[in-house]
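In what follows, a single structure is set out as C-alpha cells and then discussed.
Counting convention: from 1, in listed order, for ligands and their atoms alike.
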Amino acid sequence: MDTRWIPAQPGMALADVDTPALLLDLDLFEHNLQAVLAAAAAAGVRVRPHAKSHKCVQIARRQIAAGAVGICCQKTSEAAAFLAGGVADVLITNEVVGARKLAALARLAAAYPAARLGVCVEDAAVARELGAACLAAAARLDVYVEADVGQGRAGVVDADELIGVARAVVAQPRLRFMGLHAYHGAAQHVRRVDERRQTIAAAAQKAAALRAALHAADLPCEIVTGAGTGSFVYEAASGVYNEVQPGSFALMDADYARNEADPSAPQFAQALFVLAGVMSIRGERVTLDAGLKALAVDSGPPVPAGPGWTVGAVSDEHTVLRRSGDGPPPKLGDKLLLIPGHCDPTVNLHDWIVAVRGERVEAVWSVDARGALF
Ligand SMILES: Cc1ncc(COP(=O)(O)O)c(C=O)c1O
C-alpha cells in the first residue's frame, strides 16, 4: 500500500489543496513548452528537455507529445523511472563509472530493447568497460563523448582526447557513437545577456572545432547536444548544435528570474509554486508551514508570489515572513504561493505535483524519479 500523503485530488478547488504542496500551473507550463518548441523549430534544432528538473513521467509524456524528441536525465535510476513510464528515448547526460553502475546501465538498456537509451563518456577505458557490460547483457546503447566547452565540470578538453575516446566507442560492437555532448552549465545564470551570449559563442566555437576533428578522423558526428534554459537560443542559432536540452523552462524559479531577459529569446512564465499555509501570526511576523524540507534554498530563499511580504528565516519546516505592504492582514490557515529559489532540487523534495488549471486541480502526478541518485 502506498502510504504517502496526497495533498489534493483531481477536481478539488485550489483553495482546498493541503499544504505544503508543489503546484504546477498547467496553462503556464503549456505556454513554456510551446515557446521552447517554437524557438527551437525556428532555429531548426531538436529539443530534448532535461527531465532532471521535473522527474515526472506525466510531464515527459506531454513534452514528447508536443514535439520533443525524447528526454534527458542525469542518472541511470532516473532513466529507469522514465523508461518504466513508457518514455522511449532517454539520454543520460552524464558519465556512468564503475562496474556495478555500468552493469546496471547495460541491464536497463537490455530490458527496453525497443527504446533508445544513451549515455556520455569521457574516458576510453570506461567506454571499453561499457562495451563489455553491454555485450554481457545483450544490450545496445547510444554513446556521446562529453566535451568540456568551458564549464570545467567533466569532459574531454581537446581533439586528441576526443578522438581517442570516440575510437574506443566505435570499436565496441554494442555501442553506437552518436556525437558530442557539449553542455555549458555555468553559462545558464550569467546574468547579463551580452556575457551569456559571448560565453556560448566561445563554447560553440570549441564544439565546432571538436566536431571538425571528428570528421577529419572519419568519425561521423550525427548530434551535437547541450544547452539549458538560460542559453539554448544561442546554441540553437550557432549552426553547431542540432539538439538542445533545456530543463528548467518547464517550471522556472527565482534564480532564473534574476537573469537579464533577452528580448530575442522566449520569455518563460513562472509555472511552479509551493503552496504554504499560515500557521502562526505574531504582529507583522507570519510563519508558514513549508521550510527547507519543501523548498530548496541553494540558490536563495523562496520568493512570495504576491507583493507585501519579505522572507526572513527558512528552517526545516518553517518559513518566516514579514509583512512589508498594506495588504489585508493574513489569517491562520491562509495559503500563500511561494516561488522556489531553484526548481530542480525543490521538486526532488516532493512526492506529488499538483497540476492546476485556474482555480481547479486537474491532476496529481507522481514525482516518479524522486530520489533517483544512482
Ligand atoms: C547536462 C545538462 N543539460 C541540460 C540542463 C538543463 O539546464 P536548465 O535546467 O538550466 O535548463 C542541465 C542542468 O543542470 C544539465 O546538467
Should [X] and [Y] be counted in the same cluster of Ile, Leu, Val, Met, Phe, Trp and Tyr side chains packed under 4.5 Å apart?
X	Y	result
V17	V356	yes
I64	L33	no
L28	L23	no

H50 and ligand 1 - part of the residue with a heavy-atom distance under 4.0 Å: side chain

Pair R191 + D255, salt bridge at N-O below 4.0 Å: yes

Charged N-O contact under 4.0 Å between R196 and D262: no

Out of all atoms in ligand 1, which are within 4.0 Å of some heavy atom of [X]? Include the element for each.
X	value
Y256	8 (P), 10 (O), 11 (O)
T93	1 (C)
G228	7 (O), 11 (O)
P246	11 (O)
G247	6 (C), 8 (P), 9 (O), 11 (O)
T229	8 (P), 10 (O), 11 (O)
A227	4 (C)

R153 touching ligand 1 at heavy-atom level, < 4.0 angstrom: yes

Proximity flag G226 to ligand 1, non-hydrogen atoms under 4.0 Å: no

Could you check [atom] against the protein and tell me its nearest heavy-atom contact, residue, atom and distance included?
atom	answer
atom 8 (P) of ligand 1	S248 OG, 3.5 Å
atom 13 (C) of ligand 1	K52 CE, 3.0 Å
atom 7 (O) of ligand 1	Y183 OH, 3.4 Å
atom 3 (N) of ligand 1	Q245 OE1, 2.6 Å

Exercise: do H184 and T199 side chains pair donor with acceptor under 3.5 Å: no

Under 3.5 Å: donor-acceptor pair, side chain of D142, backbone of G118: no

Side-chain (R360) to main-chain (G11) donor-acceptor, under 3.5 angstrom: yes

Salt bridge (Lys or Arg N to Asp or Glu O under 4.0 Å) partner of E78, the single match among K52, R370, K55: K55

H54 versus V367, closest heavy-atom pair with distance: O-CG1, 4.0 Å

Any N or O of D344 closer than 3.5 Å to N or O of ligand 1: no

Any N or O of H181 closer than 3.5 Å to N or O of ligand 1: no

